[in-house]
Amino acid sequence: MIAAFSVAPAVTDTPNAEMSQAVARAVKVVRESGLPNETTAMFTTVEGEWDEVMDVIKRATQAVEEVSPRVSLVIKADIRRGFTDMLHQKMESLNKHLEEN
């Protein structure tokens, strides 16, 4: 499965509502998991088996909970048994179609 998720504190102590320090805690958990992953400005995408992906998302959320009494979590998943490396294959398919046009 591939899961894209966004986890962030719903409460911050900074006047400009800066969240990057708390989000970095979550991204560190993902990167240390060993699962294929990518982080963009809005989401982190992680690929693996259901239980391992959900465990990483849970631990990433807990890392943010350690610094915020309230946390926002959004998850979108693509569950497709028997397929691997879809994190890259999806982009290759998209780019192929873009090149054709």
Side-chain angles (χ1 to χ4, degrees):
M1 80 179 293
I2 298 174
F5 74 101
S6 173
V7 60
V11 178
T12 64
D13 291 335
T14 61
N16 62 353
E18 181 61 42
M19 298 179 187
S20 62
Q21 188 172 11
V23 171
R25 296 170 61 87
V27 172
K28 182 178 181 199
V29 168
V30 174
R31 290 185 179 171
E32 290 178 350
S33 75
L35 296 177
N37 65 84
E38 293 180 355
T39 299
T40 64
M42 296 292 292
F43 285 91
T44 294
T45 305
V46 62
E47 182 173 10
E49 296 299 320
W50 177 277
D51 289 340
E52 59 189 3
V53 168
M54 289 302 166
D55 177 62
V56 169
I57 293 172
K58 180 180 181 179
R59 290 186 295 114
T61 302
Q62 290 169 331
V64 176
E65 282 181 311
E66 291 173 0
V67 296
S68 178
R70 188 173 184 182
V71 177
S72 172
L73 173 65
V74 175
I75 304 171
K76 180 177 182 179
D78 181 0
I79 303 158
R80 195 172 180 195
R81 291 178 196 236
F83 289 81
T84 58
D85 197 34
M86 294 308 294
L87 190 64
H88 300 107
Q89 293 295 327
K90 284 184 163 205
M91 292 307 301
E92 288 176 15
S93 295
L94 175 65
N95 288 329
K96 177 184 169 192
H97 292 292
L98 288 170
E99 290 170 5
E100 292 172 356
N101 294 326

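When a residue number appears, it is its place in the shown sequence, counting from 1.
Not a single side chain to side chain donor-acceptor pair (under 3.5 Å) links Glu99 to another residue, sequence neighbours left out. Not counting sequence neighbours, Lys76 has no partner by the salt bridge (charged side-chain N to carboxylate O under 4.0 Å, His left out) test. Judged as a salt bridge (charged side-chain N to carboxylate O under 4.0 Å, His left out), and not counting sequence neighbours, the contacts of Arg59 are Asp55. Judged as a salt bridge (charged side-chain N to carboxylate O under 4.0 Å, His left out), and not counting sequence neighbours, Glu100 has no contacts.
Within the structure, side chain to side chain donor-acceptor pair (under 3.5 Å) pairs that include any residue of residues 40-50 comprise Thr39-Thr44 (at least two apart or interchain).
Partner of Met1 under the side-chain contact (heavy atoms from CB on, under 4.5 Å) criterion, out of Glu52, Arg80, Met54: Met54 alone.
Under the 4.5 Å side-chain heavy-atom criterion for Ile, Leu, Val, Met, Phe, Trp and Tyr, Val7 and Met42 are members of distinct hydrophobic clusters. Linking Ile, Leu, Val, Met, Phe, Trp and Tyr whenever their side-chain heavy atoms come within less than 4.5 Å puts Val64 and Ile75 in one cluster. Tracing side-chain contacts under 4.5 Å through hydrophobic residues (I, L, V, M, F, W, Y), one reaches Leu73 starting from Val46; they form part of the same cluster.
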Please table the atom pairs, donor to acceptor, closer than 3.5 Å between any side-chain atom in residues 81-97 and protein atoms at least two apart or in another chain.
from	atom 1	to	atom 2	distance (Å)
Asp85	OD1	His88	ND1	2.6
Lys90	NZ	Asp78	OD2	2.4
Ser93	OG	Gln89	O	3.2
Asn95	ND2	Met91	O	3.2

Q. So Val30 and Ile57, side-chain contact (heavy atoms from CB on, under 4.5 Å) or not? Walk me through it.
A. CA-CA 8 Å; Val30 174; Ile57 293 172; over 6 Å; no

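For the atom pair CZ (Arg25) and OG1 (Thr61), the distance works out to 12.5 Å, reported to the nearest 0.5 Å.
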